[in-house]
Amino acid sequence: MQTAAASAPRSVPLSRLTDNFLDGTSSVYLEELQRAWEADPKSVDESWDNFFQNFTGKAASSPGVSGQTIQESMRLLLLVRAYQVNGHMKAKLDPLGLDERVPPEDLNPALYGFTEADLDREFFIGVWRMSGFLSENRPVQTLRAILKRLEQAYCGTIGYEYMHISDREKCNWLREKIEQHVPSKYSKERQITILDRLIWGTKFENFLAQKWTAKRFGLEGCETLIPGMKEQIDRAADLGVESVVIGMPHRGRLNVLGNVVRKPLRQIFSEFAGGTKPAESGYSGSGDVKYHLGTSYDRPTRTGKHIHLSLVANPSHLEAVDPVVVGKTRAKQYYSDDFERKKNMAILLHGDGSFSGQGVVYETLHLSDLPNYTTGGTIHIVVNNQVAFTTDPRSSRSSPYCTDVAKALNAPIFHVNGDDVEAVVHACELAAEWRCQFKADVVVDIVCYRRFGHNEIDEPSFTQPKMYQVIKNHPTSLELYEKKLIESGQISEETVKKIHDKVYGILSEEFENSKDYVPKTQDWLAAYWSGFKSPEQLSRLRNTGVKPEVLKNVGKKITTLPPSFTPHRAIKRVYEQRAQMIETGDGVDWATAEALAFATLLAEGNHVRLSGQDVERGTFSHRHAVVHDQETGERYCPLDHVVTNQKEEMFTVSNSSLSEFGVLGFELGYSMENPNSLVCWEAQFGDFANGAQVIFDQFLSSGEAKWLRQTGLVCMLPHGYDGQGPEHSKHSSARLARFLQMSDDHPFVIPEMEVSLRKQIQECNCQVVNVTTPANYFHVLRRQLHRDFRKPLIIMSPKNLLRHSSCRSNLSEFDDVQGHPGFDKQGTRFKRLVKDKNDHGTVEPEIRRLVLCSGKVYYELDEERERVGAKDVAICRVEQLCPVPYDLLQRELKRYPNADVVWCQEEPMNMGAFSYIAPRLGTAMLSVNRGSFGDIKYVGRPPSAATATGFAAVHKMEQTELVQKALQAEKM
């Protein structure tokens, strides 16, 4: 004990003692209470009578608290609290012993006036409504015993951080677990199980190292993760969890796949030997490196239960998979009616550098308690290498721990020495218990090391020579545990050898079997996806029109508010206008068309979810999906009442946190669980999508090719040049060119376009549309579910068209009855291209110019055409930009054999559809002898670094010029 720095304790008034839990007011109150008790013991509550009797040694059965003063009691409470708050800073966490932290001064008893002479004095430290050491029913203990137990509890190989949690119940629960009088001991049977799992985790890496020299991002240095995760999942299963969704980076991924998720070892070895061979269906995609792949399996637990585990495939972008996993977990909870969040759980693994460095970690953490995003808590496991690639912690974060970001959530954090496998197991089990008890996030920080650097062919001594000198001579966690068990007599060397031989034998057998292994596509596809088509299997086109009586029925429901409800008068008028649209069938606007699409899908039994910033009202105050009572504040959502006894959350519209990366990733994960759902994410403005670019690049555009995972996620990105001045000019563009650039369709090859054989959309990686009518919007949303495959849909949503007098549709364009203007020979469905509004014949040689465009610029072109009377100009709208509707372009090119071909856009040349459309339009022209790429005339803004001008006057001038140029009488 350090005593030199402390002077002998002096008696001080209680009012001079201050701390967070004992402020000046509290201590003055205590003094007054004690004076009252001394005058008349019956004047205070019985609990305080007992308290003061113990402290003054006057208790009837004296517990031996000789001369304990209240000042000493307060100082002892401060000492105990110091251990609870800062004990982790003295814990033995670094397996390499390189940690140079100085134990905090406030853990020194001398600071509180205690000397060697006090060590064998007995003290009582009970406190009302406290657990652990400070519980009222604690027996008196000597100071020596108290200090020993504090050291065992808080300064061993687990360091606990939980005193930042403001909830007393949660803190008391943890105190009971941490400060229990006898440390938990594992039985011999459990120790053998832990050893067996540690041997599997270690031998797996050794076996791969023997067979292949390629990069595998092995787990060496943190092999205790395997028994830790397995015991954690077993404990969760005992507590009612039936399904776990896992997300993790590449380090240790193969080991987790093989030993935790139980992906067949032969399949892992087969992928290592040369990649996955094409499956029986031929649906093999481009493939990905083995340490990015995922899988899902059912496996038994140690106690005989069964649990479903799925590991989500992910890219090299560390932490990008976090929100995807959480979204997928939330979807599982919806489909299994797990609204108490008991049966489905997420586990996320992180690296130390990425957990503190990547912003999406914070975005994901902050979804954890939001009503429409919570999953009832995620377990976070940090594989803390104590180095990020080549960067030391002092250069990679500003906080003491990489896990400090989780304190914002009031999540407990368990730091654990990665060499102590029983400590790792205990921390992992405690995390499972916490999550199941409180439905809240929790972090396990396994402090370990990388035995071979960033990967197996890396040379870590270039940048961490001291660390790797230590690692070179450091025993493995398996060697340490085997030695401990053998020396304690718990297990014999012979038993250890038998386990080693068994594991090696199975690994060798699986290696031989891997040589003939042929994977199946269904290894990947979840049960809900049974019967869905791959790009190689033809999916028939279906009509998306709805019976008129159904439209009228659901239309009435989505435009009716309860009689007792008091909406804002402007909203009441909106709903009255919508009801009129449904009643008369005339002038259906954008928001009503969207509501009809959602409602008809709900009536067919589908789940619909719309999420994003301000989506309940809509950024442009057009949707009003949720209405607020102006007197009571009560919320009402008409789409919650489309069908009788509609399931909770069957329709979900939810304002999100101010996050793009995290929320879009969440919705992507949600959409991957079940194909019978329309999952939509709407950006507040289209250009905000660039905050989620990683999700677009790594998951949406390439996920199916890399991992054979389909998704029908819809992204609505408000787009359009309105000239709203400096404040909003930057929001004009959703960066349409970027999404088109990601398309994998060939610009110079026209695919099979015969309607009965067409697989164009199936074979493309995404769809991009710029829709100009409410009816077409209705049909493109319904088309997402009315086919046997799923494909991402990017919608350039309008802004001024939401209320444009010409942007209206008749209700007949939504139905499935033949004979009305919206019904053609294909039936009522999404129109990939809208032909000229004039009733042109099959061939129109008098038309001098064919203007092709997309989006709202059409209405400006049409208005100008009417103004100047340019009847010899045809204007066609390309509603589906990607993949290009070659058959319809060819039809229009043949219809106007003598017309110049113009592509008109309001975006700058480098930011609109031109660079994508031009080569494909040229290919279509070449195929019908109408010229080629060089014959296309471009009308639009010139290339620009900025998306739009910040000056309204300049915008208006530019817009007028391009519209007039497209229609000019002179030849271009």
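Computation of the quantities below employed the complete heavy-atom set of this structure, encompassing side-chain atoms and omitting hydrogens, waters and symmetry-equivalent molecules. Quantities reported herein were computed from a predicted structural model and do not represent experimental measurements.
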Strictly distance-based, threshold 3.5 Å: is any side-chain N or O of [X] a donor or acceptor partner for the main-chain N or O of [Y]?
X      : Y      : answer
Thr592 : Val588 : no
Asp815 : Val817 : yes
Glu660 : Ala692 : no
Glu844 : Gly841 : yes
Asn676 : Asn606 : no

For the residue pair [X] and [Y], what are the closest heavy atoms and their distance?
X      : Y      : answer
Lys799 : His719 : CE-C, 3.9 Å
Cys853 : Ile875 : SG-CG2, 4.0 Å
Arg829 : Asn776 : O-OD1, 4.3 Å
Ile794 : Met796 : CG2-CE, 3.7 Å
Leu561 : Pro567 : CD1-CG, 3.8 Å
Gln760 : Pro751 : CG-CG, 3.8 Å

Before giving the answer on side chain to side chain donor-acceptor pair (under 3.5 Å), spell out for Asp338 and Ser336 the whole-Å C-alpha distance, their side-chain angles and the decisive distance to 0.1 Å. CA-CA 5 Å; Asp338 181 21; Ser336 61; 4.8 Å; no

Report the distance from atom [atom1] of [X] to atom [atom2] of [Y], rounding to the nearest 0.5 Å.
X      : Y      : atom1 : atom2 : value
Leu793 : Met716 : CG    : CE    : 8.0 Å
Thr772 : Lys831 : OG1   : NZ    : 11.5 Å
Ser671 : Arg609 : OG    : CZ    : 10.5 Å
His622 : Ser797 : NE2   : OG    : 7.5 Å
Phe666 : Thr375 : CZ    : OG1   : 7.5 Å
Leu736 : Gln905 : CG    : CD    : 8.0 Å

Given the rule in the side chain to side chain donor-acceptor pair (under 3.5 Å) test, do Ser677 and Asn674 qualify, once you have shown the distances and angles that lead to the verdict? CA-CA 6 Å; Ser677 60; Asn674 189 318; 5.2 Å; no

Tell me whether Asp862 is salt-bridged to Lys837, with the criterion being a basic N under 4.0 Å from an acidic carboxylate O. yes

Can a salt bridge be assigned to the pair Arg635 and Asp629 using a cut-off of 4.0 Å between side-chain N and carboxylate O? no

For [X], look at atom [atom1] and say whether over 12 heavy atoms of other residues, nucleotides or ligands are found less than 6.0 Å away.
X      : atom1 : value
Gln577 : CD    : yes
Lys343 : NZ    : yes
Gln630 : CD    : yes
Lys572 : NZ    : no
Lys759 : NZ    : yes
Glu340 : CD    : no
Lys552 : NZ    : yes
Asp744 : CG    : yes

Could you tell me if [Y] and [X] have a donor-acceptor pair between their side chains, going purely by distance under 3.5 Å?
X      : Y      : answer
Glu594 : Tyr777 : yes
Tyr373 : Ser611 : yes
Gln890 : Arg895 : no

Test side chain to side chain donor-acceptor pair (under 3.5 Å) applied to His786 and Glu604, step by step: CA-CA 11 Å; His786 282 267; Glu604 293 161 359; 2.9 Å; yes

Cation-aromatic face contact Arg330/Tyr334, 6.0 Å, 45 degrees: no

When you compare the side chain of Phe739 with that of Leu717, does any pair of heavy atoms fall below 4.5 Å? yes

Report yes if the side chains of Leu713 and Glu667 come closer than 4.5 Å at any heavy-atom pair, otherwise no. yes

When the ring centroid of Tyr575 is compared with that of His568, is the distance short of 6.0 Å? no

Parallel, tilted or perpendicular, as decided by the 30° and 60° cut-offs, for the rings of [Y] and [X]:
X      : Y      : answer
Phe565 : Tyr636 : tilted
Phe620 : Phe685 : perpendicular
Phe651 : Phe598 : tilted

